[in-house]
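These notes are about the structure you will find just below.
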Amino acid sequence: MEKKHELVFATRNTHKIEEARAIVGDRFAILGLDEIGFDLELPENGNTLHENALEKLRTFVEATGRNAISDDSGLEIECLNGRPGVHTAHYSGSRNANLNMLRVLSEMSQCTVRTARFVTVLACNFQGKEFIFEGDVQGVITQEIRGSEGFGYDPIFIPEGYNQTFAELSAQVKNTLSHRAIAFRKLAEWLVSVD
Ligand code: IMP
């Protein structure tokens with residue numbers, strides 16, 4: 001089927017771009033920032049995931065006028081009052097995934113309630129109108145690092161209904177359950193209504 005619309009995904013993460021392509025399907029061409037030669041940094045100065053997703057989206061749309069999507073994700077842990085939340089990417093002060101997980105596990109050493117959720121906020125500007133799609137996956141935080149698949153906090157997160165961490169489950173299983181996949185499926189359902 002012919003691709004009618006282009007949507008620029010305001011990211012340089014090729015893994016995310018592939019994931020979005022797989023879910024949004026053939027009707028929309030998903031382009032990354034590098035593919036369109038956009039080389040400015042997009043700001044992420046918000047206090048919430050929503051603010052960050054919208055700030056990146058609006059900066060990009062103001063600069064280019066193109067239809068676009070932008071996302072921001074985080075891990076919210078009940079016993080830590082929702083932290084790391086908007087600070088998920090560099091909770092330890094760096095982007096190092098092991099250091100980030102170790103900080104979480106150490107802050108949770110006294111936590112008996114270990115429930116948490118991953119959440120993705122996906123912001124879309126289509127023909128001048130903004131839309132927000134949210135996906136989340138509930139689960140629990142382990143006592144220790146387990147598994148080697150995936151990235152980020154996958155080795156300490158067990159999704160609800162499973163006994164293995166995201167890093168012990170296959171990518172295929174994770175990608176059907178994940179917060180990002182859920183948000184993208186909502187976007188895909190909405191895009192079906194677009195001519
Ligand atoms: P981003 O907004 O997608 O870049 O996500 C921010 C941070 O959240 C990442 O740097 C990761 O540390 C963490 N994160 C997001 N999604 C996942 C996931 O699916 N598994 C594990 N960690 C994630």
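In each ligand, atom 1 is the first atom listed, and ligand 1 is the first ligand listed.
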Please determine whether a side-chain nitrogen of the Lys or Arg among Glu149 and Lys174 lies less than 4.0 Å from a carboxylate oxygen of the Asp or Glu. no

Salt bridge (charged side-chain N to carboxylate O under 4.0 Å, His left out), paired with Arg83, selected from Glu107, Glu76, Glu78: Glu107

Is the Lys NZ or Arg CZ of Lys186 less than 6.0 Å from the centre of Phe133's six-membered ring, within 45° of the axis? no

Contact with ligand 1 for His179, non-hydrogen, under 4.0 angstrom: yes

With heavy atoms of Lys16 as the reference, note each atom of ligand 1 found under 4.0 Å away. 1 (P), 3 (O), 4 (O)

At a 4.0 Å threshold, what atoms of ligand 1 neighbour a non-hydrogen atom of Lys174? 18 (C), 19 (O), 20 (N)

Nearest protein heavy-atom contact for atom 6 (C) of ligand 1: which residue, which atom, what distance? Ser73 O, 3.3 Å

Atom 14 (N) of ligand 1 has as its nearest protein heavy atom Phe151 CE1, 3.9 Å

Sub-3.5 Å N/O-N/O distance, Arg180 and ligand 1: yes

Counting from 1, what ligand 1 atoms have a heavy atom of Thr88 closer than 4.0 Å? 7 (C), 8 (O), 13 (C)

Heavy-atom nearest option to atom 20 (N) of ligand 1, drawn from Asp154, Asn52, Leu177: Asp154

From the options Phe184, Phe28, Phe38, Phe60, select the one residue that forms a ring pair (Phe, Tyr, Trp, His ring centres under 6.0 Å) with Phe9. Phe184

Determine whether the aromatic ring centres of residues Phe126 and Phe131 are separated by less than 6.0 angstrom. no

Quick one: does ligand 1 sit under 4.0 Å from the side chain of Phe166, the backbone, both or neither, non-hydrogen atoms only? neither

Nearest non-hydrogen protein atom to atom 22 (N) of ligand 1, with distance, is Tyr153 N, 3.1 Å

Of Asn52, Asp136, Thr120, Thr88, the one forming a side-chain hydrogen bond (donor to acceptor under 3.5 Å, both in side chains) with Ser73 is Thr120

Pair Ser92, Asn100: side-chain N/O donor-acceptor within cut-off below 3.5 Å: yes

